[in-house]
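Before any comments, here is the structure.
Quick note: residue numbers are just sequence positions, from 1.
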Amino acid sequence: MAALSKSIPHNCYEIGHTWHPSCRVSFLQVTWGALEESLKIYAPLYLIAAILRKRKLDYYLYKLLPEILQSASFLTANGALYITFFCTLRRGLLTIYMANLATETLFRMGVARGAITTLRNGEVLLFCITAAMYMFFFRCKDGLKGFTFSALRFIVGKEEIPTHSYSPEAAYAKVEQKREKHEEKPRRMHIISLVRKLVNLICKHGPRHRCCKHYEDNCISYCIKGFIRMFSVGYLIQCCLRIPSAFRHLFTKPSRLLSLFYNKENFQLGAFLGSFVSIYKGTSCFLRWIRNLDDELHAIIAGFLAGISMMFYKSTTISMYLASKLVETMYFKGIEAGKVPYFPHADTIIYSISTAICFQAAVMEVQTLRPSYWKFLLRLTKGRFAVMNRKALDVFGTGASKHFQGFVPRLDPRYTVVKPELPIEFS
């Protein structure tokens with residue numbers, strides 16, 4: 001606790017913007033770098049989203065650019081305002097440390113009371129619980145709306161929605177129409193059709209419960225097709241994510257292009273999504289056979305068991321994000337039901353607090369920050385977040401320079417309060 005009474009005699013140049021002595025120039029450099037990276041992130045994101053949603057021409061002419069600029073300015077403000085207040089407050093480092101101390105204290109209190117503990121495969125357990133609740137809301141009428149509902153319907157299929165609009169007679173009629181159309185058209189033998197024929201041949205005489213709404217398939221075929229479909233989706237997604245890095249080495253290391261298709265992560269994501277769908281569908285069918293009815297409560301058990309699929313693709317990021325969105329969903333449902341109060345600007349307050357905690361960790365103890373978020377901060381600031389003089393912050397006892405042991409900033413002695421450790425000559 002002795003560190004609380006300690007202070008540091010350095011100015012903001014010696015600690016924060018060590019690459020340039022001027023606060024104004026540093027602010028402009030960080031702002032420009034953040035704006036450039038923000039546009040690189042949001043421009044393709046909004047463009048792809050517009051294409052997928054089949055937006056009309058008016059959207060591209062009048063709404064696309066303003067939405068890109070709005071999101072880019074929001075992200076730019078995070079970096080620009082942080083360095084601004086860093087220079088304005090000067091001695092605000094103690095405040096940053098106090099935020100860190102408060103977070104650590106809350107954590108220690110939780111551990112002492114047994115409320116918080118480290119669990120092996122904890123991210124998988126969290127995902128199981130989250131998936132169980134999501135699938136329950138998905139099965140309930142008006143349980144989920146908007147993008148979340150559409151995403152789950154794409155993943156598990158509309159057959160698992162209890163308010164399915166097809167009656168058995170209409171569904172069978174539709175199947176017969178499809179068969180007639182297939183007979184009229186010439187059959188093209190390609191890989192997808194061959195796989196489909198093989199699956200149909202294997203599962204041709206499989207069982208299907210009368211409560212199951214997958215009228216075109218029996219239960220076994222239903223699960224196998226679900227696995228193949230989502231495995232392919234996961235594999236292709238991971239391949240697409242690796243395309244930019246693979247093509248950067250197209251001429252220097254052409255052999256790296258093979259990793260685009262045979263990378264282990266491609267199969268891991270595919271196995272995760274494929275097994276999630278097949279386990280969920282298989283469990284749902286099994287419960288319909290056992291209980292002889294179709295109940296939305298089945299989704300809780302099926303969703304929880306399907307969550308075990310994350311063993312193929314462990315991700316704390318995915319688990320935490322989905323859990324946070326679940327809390328948000330339940331909160332808004334509570335507001336609609338009139339059981340919880342509505343807090344104006346709660347999202348802004350939560351975001352501000354979360355950003356403050358993440359930024360203080362990025363300054364005071366990078367080792368506690370999520371590696372992917374740290375890389376994002378480096379991109380956003382063009383690497384300037386890494387050249388802060390963290391060695392001077394070790395007095396607070398957080399191990400600020402733990403990952404920067406060999407770094408000493410090149411400071412101009414004319415603008416420093418304390419003589420630099422390794423002074424250099426300036427012309």
Side-chain angles (χ1 to χ4, degrees), residues 100-138 148 151-152 155-156 223 226-227 230-231 233-235 237-238 241-242 263-284 286-287 297-330 350 353-354 357-358 360-362 364-377 398-399 402-403:
N100 167 74
L101 182 61
T103 305
E104 182 181 352
T105 302
L106 289 174
F107 179 79
R108 291 179 182 273
M109 290 171 62
V111 173
R113 288 164 173 77
I116 301 176
T117 183
T118 56
L119 294 175
R120 185 181 179 183
N121 298 321
E123 69 273 34
V124 179
L125 178 60
L126 177 62
F127 181 72
C128 289
I129 297 172
T130 304
M133 296 305 300
Y134 264 122
M135 300 317 299
F136 172 71
F137 286 131
F138 175 71
T148 305
L152 288 177
I155 294 173
V156 300
C223 297
F227 176 84
M230 289 311 300
F231 179 89
V233 170
Y235 178 85
I237 289 175
Q238 197 66 41
L241 292 176
R242 297 182 63 85
N263 189 272
K264 182 174 69 173
E265 292 183 358
N266 297 2
F267 296 96
Q268 288 177 333
L269 182 59
F272 166 50
L273 294 178
S275 59
F276 179 88
V277 172
S278 60
I279 293 174
Y280 178 81
K281 289 184 174 182
T283 305
S284 297
F286 176 76
L287 291 173
L297 293 176
H298 293 172
I300 298 178
I301 300 174
F304 185 88
L305 294 178
I308 301 176
S309 61
M310 182 167 270
M311 294 294 293
F312 291 107
Y313 192 82
K314 294 182 181 180
S315 174
T316 305
T317 304
I318 295 176
S319 296
M320 292 298 296
Y321 175 77
L322 292 178
S324 300
K325 292 296 292 182
L326 177 62
V327 172
E328 180 187 48
T329 300
M330 297 177 69
I350 294 174
I353 295 174
S354 302
I357 294 174
C358 291
Q360 67 86 22
M364 301 298 294
E365 43 186 324
V366 177
Q367 61 273 16
T368 64
L369 201 61
R370 184 182 299 165
S372 59
Y373 188 71
W374 171 242
K375 291 179 181 178
F376 169 72
L377 290 179
T398 61
K402 183 177 180 180
H403 289 179

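Note that CG of N121 and NZ of K314 are 3.5 Å apart. Values are rounded to the nearest 0.5 Å. Annotation: the span from K281 atom NZ to C223 atom SG amounts to 7.5 Å, rounded to 0.5 Å. Distance check: T130 OG1 to L125 CG gives 9.0 Å after rounding to the nearest 0.5 Å. Note that the CG atom of L273 and the CZ atom of F227 stand 10.0 Å from one another [nearest 0.5 Å]. With values rounded to the nearest 0.5 angstrom, F136 atom CZ is found 12.0 Å from I301 atom CD1. A distance of 8.5 Å separates CG in L322 from CG in L326, rounded to the nearest 0.5 Å.
Residues I318 and M310 meet the side-chain proximity criterion, which asks for heavy atoms closer than 4.5 Å. Side-chain contact between L269 and I237: present, with at least one pair of heavy atoms (C-beta onward) separated by less than 4.5 Å. Side-chain contact between V156 and F138: present, with at least one pair of heavy atoms (C-beta onward) separated by less than 4.5 Å. Using a 4.5 Å heavy-atom threshold, the side chains of V366 and K402 count as separate. Taking the side chain as every heavy atom from C-beta outward, H403 and W374 never approach each other to under 4.5 Å. Side-chain contact between Y280 and M135 is present, with heavy atoms from C-beta onward closer than 4.5 Å.
Closest heavy-atom contact between L377 and A362: CD1-CB, 3.7 Å. Residues S278 and S275 share a closest heavy-atom pair of OG-O, 3.2 Å.
A donor-acceptor distance shorter than 3.5 angstrom exists from the side chain of S319 to the backbone of E123, with no hydrogens or angles considered. Checked by atom type and distance alone, the side chain of Y134 never pairs as donor or acceptor with a backbone atom of L152 at under 3.5 Å.
In this structure, F272 has its ring center under 6.0 Å from that of F127.
In F312, the CZ atom is not crowded: 12 or fewer heavy atoms of neighbouring residues, nucleotides or ligands sit closer than 6.0 Å.
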